[in-house]
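The shown structure was predicted, so the numbers you read here are calculated from the model rather than taken from an experiment.
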Amino acid sequence: MTDALTDISRVGVVGCGQMGAGIAEVCARAGLDVMVAETTGEALEIGRTRLLNSLTKAAARGKISEEELKATQDRLTFTTDLGEFTDRDLVIEAVVENEQVKTEIFQVLDQVVARPDAILASNTSSIPLVKLAVATSRPDHVIGIHFFNPAPVQKLVELIPALTTSEGTISRAQALVEKVLGKHAIRAQDRSGFVVNALLVPYLLSSIRMFESGIASREDIDNGMELGCAHPMGPLKLSDLIGLDTIASIADSMYSEYKEPLYAAPPLLQRMVDAGRLGRKTGSGFYTYG
Ligand code: CAA
């Protein structure tokens with residue numbers, strides 16, 4: 001089915017945290033053969049369980065049939081060895097927002113992925129794509145493909161070409177995102193935060209500053225935006241969903257790019273990260289979770 005729409009049928013996903021697992025789920029549900037890599041057996045097991053639980057929930061809610069559930073599971077394989085990505089047509093890296101870690105992964109992928117016109121993509125929210133592109137010998141085939149959390153639910157994907165990315169790579173990535181994955185693609189320049197985070201993150205940081213300065217309680221801040229502006233989640237709940245470490249990293253990248261105070265992480269955010277209160281994923285952030 002996918003061959004008629006794109007030349008991509010084998011996808012690799014590096015990282016099986018909440019974004020990597022969501023991206024792998026989206027790709028496998030769209031009929032693609034997906035291999036997921038994590039660094040350790042333990043991380044892989046946690047990621048695999050996260051992904052399979054999400055698929056089982058989708059089946060329980062009637063979004064996919066039992067046959068589709070089984071077929072989707074069969075399209076997923078898991079590994080701790082990036083060397084197994086040799087035959088991939090597209091690899092999407094979705095690891096922590098750390099430039100050095102991502103750069104090293106791109107260098108490995110460059111060595112491992114055999115197809116010369118395979119696309120090497122990053123789900124980064126804020127790290128310059130050009131830095132990842134020039135870490136490889138194929139900077140024309142590197143692009144940002146940025147999903148939103150939860151990836152199986154949110155319809156948007158940002159496409160971010162680096163200065164080096166070829167038009168052919170952009171068109172192939174766009175065809176995959178729109179025609180195969182069924183998402184809406186928007187294009188942004190390679191500037192930290194792209195479109196959505198450049199708008200969203202200052203808003204989330206403002207809500208944390210408001211809470212820190214005692215202007216309103218966390219519930220009133222969240223209710224204000226949910227009931228006053230019809231947002232599905234208030235900003236503190238959303239921060240917990242995204243992960244406070246992720247928000248702090250994005251804010252730091254944007255601050256270092258633009259030097260604008262509105263991108264500066266407030267002290268409370270940094271203290272919560274230092275305390276390991278990262279939001280839903282650790283069971284505690286602005287709220288506590290069971
Ligand atoms: N996987 C698959 N489906 C999921 C899901 C998941 N993890 N979580 C929720 N869903 C589905 C449910 O199945 C349900 O579908 P139906 O209505 O068709 O049954 C639907 O989403 C709503 O789910 P719930 O009823 O359980 O919960 P909800 O109504 O409270 O919605 C939410 C949950 C989808 C997370 C919603 O609150 C929401 O959209 N919040 C805003 C999220 C947002 O802004 N994300 C962007 C973050 S920014 C980002 O990701 C970029 C970055 O770089 C930081």
Nearest non-hydrogen partners of Ala265 and Asp252, listed with the distance: CB-OD1, 4.3 Å

Are the side chain of Ser54 and the backbone N or O of Arg50 linked by a donor-acceptor pair below 3.5 Å? no

Linking I/L/V/M/F/W/Y whenever any side-chain heavy atoms sit under 4.5 Å apart, do Ile215 and Ile208 land together? yes

Under 4.5 Å between side-chain heavy atoms, hopping through other hydrophobics if needed: is there a path connecting Ile145 to Val195? no

Going through the distances and angles, do Gln107 and Gln111 end up as a side-chain hydrogen bond (donor to acceptor under 3.5 Å, both in side chains)? CA-CA 7 Å; Gln107 285 164 341; Gln111 298 296 316; over 6 Å; no

Might you work through the side-chain hydrogen bond (donor to acceptor under 3.5 Å, both in side chains) test for Ser166 and Thr169, ending with a clear yes or no? CA-CA 5 Å; Ser166 68; Thr169 300; 2.9 Å; yes

Value for CE (Met272) from CG (Asp245), rounded to nearest 0.5 Å, stands at 11.5 Å

Is the shortest distance from a Lys or Arg side-chain nitrogen in Arg191 or Glu257 to a carboxylate oxygen in the other one below 4.0 Å? no

Nearest-0.5 Å distance, CD of residue Gln73 to CD of residue Glu68: 12.0 Å

Output yes when Glu66 and Lys70 qualify as a salt bridge under the 4.0 Å nitrogen-oxygen rule, no when they do not. no

Trace of the side-chain contact (heavy atoms from CB on, under 4.5 Å) decision for Leu76 with Leu51: CA-CA 10 Å; Leu76 283 157; Leu51 203 169; 3.8 Å; yes

Is there a donor-acceptor pair under 3.5 Å between the side chain of Arg218 and the backbone N or O of Phe286? yes

Over all atoms of both residues, closest heavy-atom pair of Ser126 and Ser192: O-OG, 3.1 Å

Working for side-chain hydrogen bond (donor to acceptor under 3.5 Å, both in side chains), residues Asp140 and Thr164: CA-CA 5 Å; Asp140 48 337; Thr164 52; over 6 Å; no

Please check if the side chain of Asn197 supplies one atom and the backbone of Ile250 the other of a donor-acceptor pair under 3.5 Å. no

Less than 4.0 Å between a side-chain N and a carboxylate O, is that true for Asp117 and Arg115? yes

Under a 4.0 Å N-O cut-off, is there an ion pair linking Lys237 with Glu226? yes

Is the shortest distance from a Lys or Arg side-chain nitrogen in Arg10 or Asp89 to a carboxylate oxygen in the other one below 4.0 Å? yes

For Gly285 and Leu244, work out which heavy atoms get closest and say how close. CA-CD1, 4.4 Å

Quick check: do Ile64 and Leu55 have side-chain heavy atoms less than 4.5 Å from each other? yes

Quick one: hydrophobic cluster around Phe85, which other residues, with the 4.5 Å side-chain cut-off, linked directly or via members? Val14, Met35, Leu82, Val91, Val95, Val96, Val101, Ile105, Phe106, Val108, Leu109, Val112, Val113, Leu120, Leu129, Leu132, Val142, Ile160, Phe194

Under 3.5 Å, is there a donor-acceptor pair between the side chain of Arg172 and the main chain of Asp7? no

Any donor and acceptor pair, going by atom type alone, linking the side chain of Asp190 with main-chain N or O of Leu163 inside 3.5 Å? no

Check Ser284 against Tyr289 and note the closest heavy-atom contact, atom names and distance. N-CD1, 4.2 Å

For Arg75 and Arg29, which heavy atoms make the closest approach, and how far apart are they? NH2-O, 4.2 Å

Note, Ile221 side chain near Pro235 side chain (heavy atom, < 4.5 Å): yes

Could you tell me which non-hydrogen atom of Gly234 sits nearest to which non-hydrogen atom of Met225, and how far apart they are? CA-CB, 4.4 Å

Donor-acceptor pair, distance only, cut-off 3.5 Å: does the side chain of Asn223 make one with the backbone of Glu219? yes

The side chain to side chain donor-acceptor pair (under 3.5 Å) partner of Thr124 among Glu99, His146, Glu97, Lys131 is Glu97

